[in-house]
Amino acid sequence: IQHSEPDRNLPWPQDRTVVMGILNVTPDSFHDGGRYERIKDAVARAEAMIDAGADVIDVGGESTRPGADPVEIEEELDRVVPVVEELADLEVPISVDTRRPEVARAVIDAGADVLNDVEGLQDPEMRRVAAETGVPVVLMHSIEAPVDPENEIHYDDVVEETIRELGDRLLAAEKAGVDREQVIIDPGIGFGKTAREGFELLDRLAEFEALGCPLLFGHSHKSMFGLTGEQAGAAPNSTIAATAIAARNGADIIRVHDVAENVAAVNVADAAADPEGFEP
Ligand SMILES: Nc1nc2[nH]c(SCC(=O)O)nc2c(=O)[nH]1
């Protein structure tokens, strides 16, 4: 499976699988230091991921794990804006994982290059920000984020239905003035989907080509790997293995915590996809 046509003006290479390093700036993701410590640590962690081969850094100030408590907007701004300001000078693009238009506007003003909306631009105001700024936007499939664990969602065919619903979101975005060329799609692993549905999506990733957009796959340390003997939050080996399969099945961007290991996995997949043409 070759990557989507390299005709998008995205801020990363389009002839190989791109690695997005996850930078959580939620308090529980740092040892207990002061605010300034946290910002310093965040920048150091971003630089370490870049040194390990990350092509883009995804900054997130609100955990959207199933059942997570929503964070006040002021708190989210206070967490992400200072970090984006520091990272804006680094040589790789910065994406921000946020559901909030206020945060989206603020981080773009602060130098963020990409919006990563786990609610798939369901908020009309988020569609307006994407349309007005023209930045690349990751449109992730989720009926809601965080998903209420009590909310029993049933799919007959998770792949078909996810593609269809992403298609609907794409249309709504285009109606709001978002250019299809700026959209990256994402199946939203773990967001209202079971472990087995996660593996079904991994196996049939190529079917998402139908939407004609680059595809981001975000499986790192997720609960689907309970099926393969690892735990949510501690699934390094399953994550690396799934990265290789996802890249070989057409994922254009892989969103991970452990950059070096997953860079190796995408290199293996890309080399297998094009043994003659692959360049290390
Ligand atoms: N685009 C995109 N953004 C995300 N943000 C999270 S937060 C939950 C976690 O990392 O465990 N997951 C994803 C994902 O799968 N895709």
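None of the values given here were measured: they were computed from a predicted structure. Just follow the structure's listing: the first ligand is 1, and inside any ligand the first atom is 1.
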Query - Inter- and intrachain pairs under ring-ring contact (aromatic ring centres under 6.0 Å, His included), touching residues 234-280, at least two apart - result: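 Residue pairs with at least one partner in residues 234-280: His221-His257.
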Exercise for review: Compile the protein residues with any heavy atom at a distance under 4.0 Å from an atom of ligand 1; present them by chain, then by number.
Suggested key: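 Close residues (ligand 1, cut-off 4.0 Å): Thr64, Arg65, Asp97, Asn116, Val118, Val138, Met140, Asp186, Phe191, Leu216, Gly218, Lys222, Arg255.
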Practice item. Could I get the full list of side chain to side chain donor-acceptor pair (under 3.5 Å) partners for Glu207, not counting sequence neighbours? Key: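 So Glu207 forms a side chain to side chain donor-acceptor pair (under 3.5 Å) with Arg204.
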Next on the checklist: Checking His141 now: which residues fulfil ring-ring contact (aromatic ring centres under 6.0 Å, His included) with it, not counting sequence neighbours?
Outcome noted: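 Here no residue qualifies.
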Classify the side-chain pair Thr17/Asp270 by whether it contains a donor and acceptor separated by less than 3.5 Å.
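Side-chain D/A pair, Thr17 to Asp270: present.
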Any chance the side chains of Glu62 and Thr26 put a donor and an acceptor closer than 3.5 Å?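 The criterion, which ignores hydrogens and geometry beyond distance, is not satisfied for Thr26 and Glu62.
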query: Thinking salt bridges, do Arg255 and Asp97 make one under a 4.0 Å N-O criterion?
result: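 Here Arg255 pairs with Asp97 in a salt bridge, since their nearest N and O are under 4.0 Å apart.
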